[in-house]
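Side chains included, hydrogens not; waters and symmetry mates left out as well; all remaining heavy atoms used. Every chain is numbered from 1, with letters handed out A, B, ... down the list of sequences.
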Protein chains: 2
Amino acid sequence: MGDNEAEAGGAVPSKRADARRNKETLLDAAAKVFVASGVDAPVRDIAREAGVGLGTIYRHFPTRADLVIAVYRHQVEACAEAGPALLASGATPYAALREWINLFVDFLVTKHGLAAVLRSDTAGFEALHGYFLDRLLPVCAELFDAAVAAGEVRSDLTSYEIMRGVGNLCVGAEGDERYDALRLVDVFVAGMRLSR
Amino acid sequence: MGDNEAEAGGAVPSKRADARRNKETLLDAAAKVFVASGVDAPVRDIAREAGVGLGTIYRHFPTRADLVIAVYRHQVEACAEAGPALLASGATPYAALREWINLFVDFLVTKHGLAAVLRSDTAGFEALHGYFLDRLLPVCAELFDAAVAAGEVRSDLTSYEIMRGVGNLCVGAEGDERYDALRLVDVFVAGMRLSR
DNA sequence: AACGATACGGAACGATGTTCCGTTTATCAA
DNA sequence: TTGATAAACGGAACATCGTTCCGTATCGTT
């Protein structure tokens, strides 16, 4: 699924060497700036950090959101792949769901400002929103459905709501020591549990 | 607590009549624009709607946040005052807390984009954030503490976290029919409940 | 070495919140 | 009624964003 590696010798003209190099430089610079200033950092800061012009950024990543996606793609992928594994190894589907959600929360909270992007209304971030949902929603759904089938959680929820709700609970967590997102999510997940 | 009415004949020089009139006009226009385009509506839209210049807005409300505060002050006040009443009339402190939170959620969800402002990181909205917290946090705390004292809810939370958590759950609720903030908050509130 | 396609840099655009200042107007004393 | 003066006004101008555009530089190939 990689963009275009050295192999895959199709008819598609391989990108120029400097272009490929700049894309890497850009990803590194963006990752660095994101941890320093959050995902809301100005595009210009990233360009300066990478020692590259604005045009170069926008040729490689049509929109800021695409850059954010590219930077975190690996981690999103890892989170997605952890889902089935947890379901297989967990004591119960509910336990697996809880663990997976903790993984998700860890990911969001450690990326300054990333959680805010799960909101749909954030202008220009539809792409990012869409990517996260496309990739992670099915995983969440699998875990949730299993928990519902096992009769462990209330069924009047959707996995979409769970994703968005958990994401929202993580918004603004970093940099506010009075706000412990992990604990709040824990309360939420406890609330899903069916009393028996 | 009103700014300066006709009475209260102190030594403070009363504002000019046109200024007072414009302030009212501005509040009406802002309220109108907020329901039409959300609290994120451009300042220029409000100025146009009110038929005044930009300078006039900024003289009356030093920052966009101050304008938002002024527009919703009455409803925040009402929400704050409902707290003690609910505690007195509710079956149990937990029931009162639950009802009050529902009131809070209704308020947030019906104001397009207001919830997003509860986040502290939103640049320039510290004033709004502060006002909401100053006014509503003590109310929430009273209800929550009572519920804790009654042994109805888990005590490893702070009222600050509850306010922020509930507020966050409301972010982006309007305009997304797949996302039911009231139900998610209900799950959260259920999660606070102590099993017995 | 020369040439064409590709990629680059950064000026320029449109939107936004906010500031500034020359102009207008309300108020009040004479 | 009429000036004088402080208050308030309007909107141009500024800074900061994301994004677009195009003349120029560079790469890869012949």
With a 4.0 Å cutoff (strictly under), does any side-chain N or O of B:Thr56 reach OP1 or OP2 of D:dG10? yes
Would you work out how much the helix from C:dA1-D:dT30 to C:dA30-D:dT1 bends between its ends, with each end axis defined by five base pairs, to 10 degrees? 20°
What string of B, S and - do you get for nucleotides 25-30 of chain C 5' to 3' if you count protein non-hydrogen atoms under 4.0 Å? BSS---
Does any non-hydrogen side-chain atom of B:Val39 lie less than 4.5 Å from one of B:Tyr72? yes
B:Pro42 has its side chain closest, among D:dG10, C:dG17, D:dG18, to C:dG17
If you check every side-chain atom of B:Arg64, which of D:dT19, C:dG17, D:dC9 has the closest atom? C:dG17
Of all heavy-atom pairs between A:Glu161 and B:Leu184, which one has the smallest distance, and what is that distance? O-CD1, 3.6 Å
Does any part of the side chain of B:Tyr179, heavy atoms only, come nearer than 4.5 Å to the side chain of A:Asn168, both counted from C-beta? yes
5'-most contact on DNA chain D: A:Arg59 or A:Ala41, nearest heavy atom basis? A:Ala41
Between A:Thr25 and A:Ala50, what is the shortest heavy-atom contact and its length? CG2-O, 3.7 Å
Please report the distance, rounded to the nearest Å, between CG in B:Asn22 and P in D:dC9. 5 Å
Rounded distance in Å - CD1 (B:Ile46) to C1' (D:dC9): 18 Å
Using every non-hydrogen atom in the two residues, find where B:Ala47 and B:Leu54 come nearest and quote the distance to one decimal. CB-CD2, 4.3 Å
Taking the side chain as every heavy atom from C-beta outward, state whether A:Leu97 and A:Met192 have any atom pair closer than 4.5 Å. yes
In whole angstroms, the gap separating C1' of D:dC22 from OH of A:Tyr58 amounts to 17 Å
Can you check the B:Leu54 CG to D:dA15 C1' distance for me, whole Å? 15 Å
Could you tell me which non-hydrogen atom of B:Ala19 sits nearest to which non-hydrogen atom of B:His60, and how far apart they are? O-CE1, 3.3 Å
Do the side-chain N or O atoms of B:Thr63 get closer than 4.0 angstrom to the phosphate oxygens (OP1, OP2) of C:dG17? no
Roughly, in whole Å, what's the span from CZ in A:Phe61 to P in C:dC8? 11 Å
Measuring from A:Ile46:CD1 to A:Phe34:CZ, what's the distance to the nearest 0.5 Å? 4.0 Å
What integer distance in Å separates A:Ile57:CD1 from C:dA7:C1'? 14 Å
Return the value, rounded to whole Å, for the distance between atom CG of A:Leu26 and atom C1' of C:dA7. 13 Å
CZ of A:Arg44 versus P of C:dC13: gap in Å, rounded? 14 Å
Nearest to the side chain of B:Val43, heavy atoms from C-beta on, is which of D:dC17, C:dG17, C:dG9? C:dG17
As an exercise, state the distance from CD of A:Glu142 to CG of A:Leu86, rounded to the nearest 0.5 Å. 10.5 Å
Does A:His60 make a side-chain N or O approach to OP1 or OP2 of C:dA7 shorter than 4.0 Å? no
Does A:Arg183 pair with A:Asp186 as a salt bridge, N-O distance under 4.0 Å? no
